[in-house]
Amino acid sequence: MTHKNTRLFGFAVLPLLLGLVFFAASLTPSLIPRPWIVQGALAGLVTAIGYVIGQLVLAAWRAIELPRLSGRAAVVAHVVVAVPVVALWINNLTKAADWQDSIRTHVGLEPTEEFHIFAMLGVALAVFLICFAIGLAVQWIFDILRRRLYRVMPMRTANALGLILATALVFFVTRDGVIRWVFEAMDQSYEAAQDLFVKAPPAPDNPRIPGGPGSFADWGAMGQPGRDYVLGGPDAEAISDFTGRPAKDPIRVYVGRAQAETPEERAKVALEELKRLGAFERKVLIVASPTGTGWLDPGGHDPVEYMHDGDIATVAVQYSYMQSPFALIFETQTGLEQATATMQTVYRYWRTLPEADRPEFYAHGISLGAWSSMYSFDIFEIVNDPIQGALWTGPPFPSALWNKATDARNPDSAYVLPLVGSGALVRFMSQFGGLDRDAGPWGRLRIAYLQYASDPIVFYEPNSVWRAPQWMREPPAPDVSPEMRFMPVVTQFQLVVDMILALAVPPGYGHSYSAEDYIDAWVGVTAPAGWTEADSTRLKERCGVEWGLGCRN
């Protein structure tokens, strides 16, 4: 009996055991709690990946003609390996529900009794078998290709080239074929849905609202996210009622993706609308980049309007219709191009105004909007005439500026909540505070990052396929389970699932940012005149922070 022939129900035993190790590891905690059906899908997928890795190792073993056991020795060796693997698998199954509860309790959720082990096992088996069938199909493609190549080249060359061609074919069909087609269809469906919605509500008759009479912004092109934004937020009466001082109606400008063909054209419309409404005569101007769907978080915008007595204008331009995790993968460039066009267009006009008369200029974005906003932050253009600051919330892990700031942290500071120098330029905060840790005063330009340690959009690590992320090598933050452990390959897929589920937690955890934390962040960045800690406390109470809502009347 050889390695090649040792099989169980048609599956090679050693690769299957490696798959079970991956299965067991997938049950351990990560950043976001997983329902049993999601855990089952994850377990089945990583089991299949472990099986493939095991098969590749055996193939390499045979290819270089290393010694192989046979007969009784092979059986004994397989049993010796199988016993601890099965024991680990059973042990982790018994702990799976408790591990998920350990995540839940750290992200503000109650323990659950709905983690169904046997149903989860059924899902895992189904996913594993589907993946196995896909693997057989790939093997079939490979066999066809290499046999054709045998006619024109040596066997080893044909095998290698056949494998490359089969892999490339699968990759391009899925990545640039089926998957891209699906998401293009989704994008079109979002646009169609927004167009259908346009026909129901009438355009506003108030010329002070974008989309109303005399507006450069097309009401129909905004879609629901834009309409919700320009119609939402506090008015002058609500602000004055809170502050006890005279207030203005905040200016909110939104330009939909369907407004024009190019990012530059949409940015020009936004600038003309800002000028029409007198935005450059306000005290504060914010250029905001929305999420993939075009959404702007009320909790991130309503509070700052209270702080500045409504003497504020905010502008945003839509670039996608997808959820941010999908836009992050499939529409990265569109967000970067639109944010850059918007920032350059508005900034270059702002720069022409007399310094004493123009508004304070800030940049803002959450999630994919934070990434695109950072990308538009051209230090070489603004260095001689800088804006006043930026607040970037939940910055996605690929964000270059965020990575540079994190890498520049002081050696004794935590990866998830860094200290950078004296904090004159860049500061980090979480739901547990952080802006006040820095020793020195703010400089002329204030940049703040609001991020939660339990946010996988921020702390996903592509290299976790083979090494533990830096934050897993440090003491866990209060919102991260201390039982989280690193496992090559498996941790990578756990974090991918975490990104998909990143909003399935209460405000204040994961990728769900609360108004309470925005309030502290905006106070630090914009330093509103006469604002006190008592004002922040009252505003937090008004905003209904226990639900993460924006400030409403």
Side-chain angles (χ1 to χ4, degrees), residues 284 286-289 297 299-301 303-304 307-308 360-367 369-371 373-377 379 382-383 386-397 399-455 457-459 470-471 474-475 477-480 508-509 511 513-529 531-533 535-537 539-540:
V284 173
I286 297 176
V287 173
S289 186
D297 189 351
H301 292 275
V304 72
M307 293 175 193
H308 295 280
E360 296 179 356
F361 193 129
Y362 298 93
H364 174 57
I366 178 175
S367 188
W371 184 14
S373 180
M374 279 183 277
Y375 183 87
S376 72
F377 192 80
I379 190 65
I382 73 170
V383 66
I387 67 175
Q388 277 61 57
L391 170 59
W392 291 313
T393 305
F397 66 92
S399 307
L401 193 58
W402 175 83
N403 278 287
K404 288 180 180 178
T406 302
D407 290 342
R409 69 189 183 279
N410 300 345
D412 57 346
S413 65
Y415 185 86
V416 295
L417 200 61
L419 289 166
V420 181
S422 65
L425 175 63
V426 179
R427 300 188 183 187
F428 289 78
M429 69 167 289
S430 72
Q431 69 271 54
F432 305 106
L435 286 186
D436 56 353
R437 299 169 301 149
D438 299 88
W442 281 101
R444 182 180 177 185
L445 174 60
R446 303 182 178 199
I447 296 175
Y449 288 101
L450 171 58
Q451 58 192 44
Y452 300 154
S454 54
D455 186 351
I457 302 295
V458 178
F459 293 109
Q470 177 63 37
W471 53 268
E474 300 175 351
D479 53 335
V480 175
Y509 302 96
H511 201 56
Y513 287 85
S514 76
E516 179 176 9
D517 301 320
Y518 275 116
I519 290 168
D520 293 332
W522 277 123
V523 169
V525 172
T526 66
W531 191 264
T532 67
E533 185 64 32
D535 292 327
S536 291
T537 300
L539 186 56
K540 290 175 185 179

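Quick caveat: nothing in here was measured; it's all calculated off a predicted structure. Reckoned from all heavy atoms, side chains included, excluding hydrogens, waters and symmetry mates.
Residues D520 and K540 form a side-chain contact, since some pair of their non-hydrogen atoms from C-beta on lies under 4.5 Å apart. Using a 4.5 Å cut-off on side-chain heavy atoms (C-beta onward), V284 and Y362 make contact. In this structure, F428 and R409 have side chains that are not in contact, with every pair of non-hydrogen atoms separated by 4.5 Å or more. The closest side-chain heavy-atom distance from P395 to V458 is below 4.5 Å. The shortest distance between side-chain heavy atoms of W371 and I457 does not fall below 4.5 Å. Within the 4.5 Å cutoff, no side-chain heavy atoms of W522 are placed close to those of L539. No side-chain heavy atom of Q431 sits less than 4.5 Å from a side-chain heavy atom of Y513. Looking at V523 and T526, their side chains never come closer than 4.5 Å, going by heavy atoms from C-beta outward.
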- Output, in order, the C-alpha distance, side-chain angles, deciding distance and verdict of side chain to side chain contact (heavy atoms under 4.5 Å, CB included) for D297 and Y518. CA-CA 10 Å; D297 189 351; Y518 275 116; 3.2 Å; yes
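Between R446 atom CZ and E360 atom CD the span is 9.0 Å, to the nearest 0.5 Å. One distance of note links CE of M429 with CD of Q451; it measures 10.0 Å at 0.5 Å rounding. Here the CD1-CG distance, from I366 to L450, works out to 8.0 Å after rounding to the nearest 0.5 Å.
A donor-acceptor pair is defined here as one N or O able to donate and one able to accept, closer than 3.5 Å; such a pair exists between the side chain of N403 and the backbone of F397. Here the side chain of R427 pairs a donor or acceptor atom with the backbone of L435 at under 3.5 angstrom.
In terms of heavy-atom proximity, V304 sits nearest to I286 at CG1-CD1, 4.0 Å. When all heavy atoms of V420 and A405 are compared, the closest pair comes out as CG2-O, 3.5 Å.
With sequence neighbours left out, the ring pair (Phe, Tyr, Trp, His ring centres under 6.0 Å) criterion links H301 to Y229, H364. Remark: F361 pairs with W350 by the ring pair (Phe, Tyr, Trp, His ring centres under 6.0 Å) rule, at least two apart or across chains. Under the ring pair (Phe, Tyr, Trp, His ring centres under 6.0 Å) criterion, F377 pairs with W392, sequence neighbours left out.
Side-chain contact, T532 with D535: a donor N or O sits under 3.5 Å from an acceptor N or O. Donor-acceptor pairing under 3.5 Å is recorded for the side chains of S514 and D517.
Not less than 6.0 angstrom separates the ring centroid of Y452 from the ring centroid of Y509.
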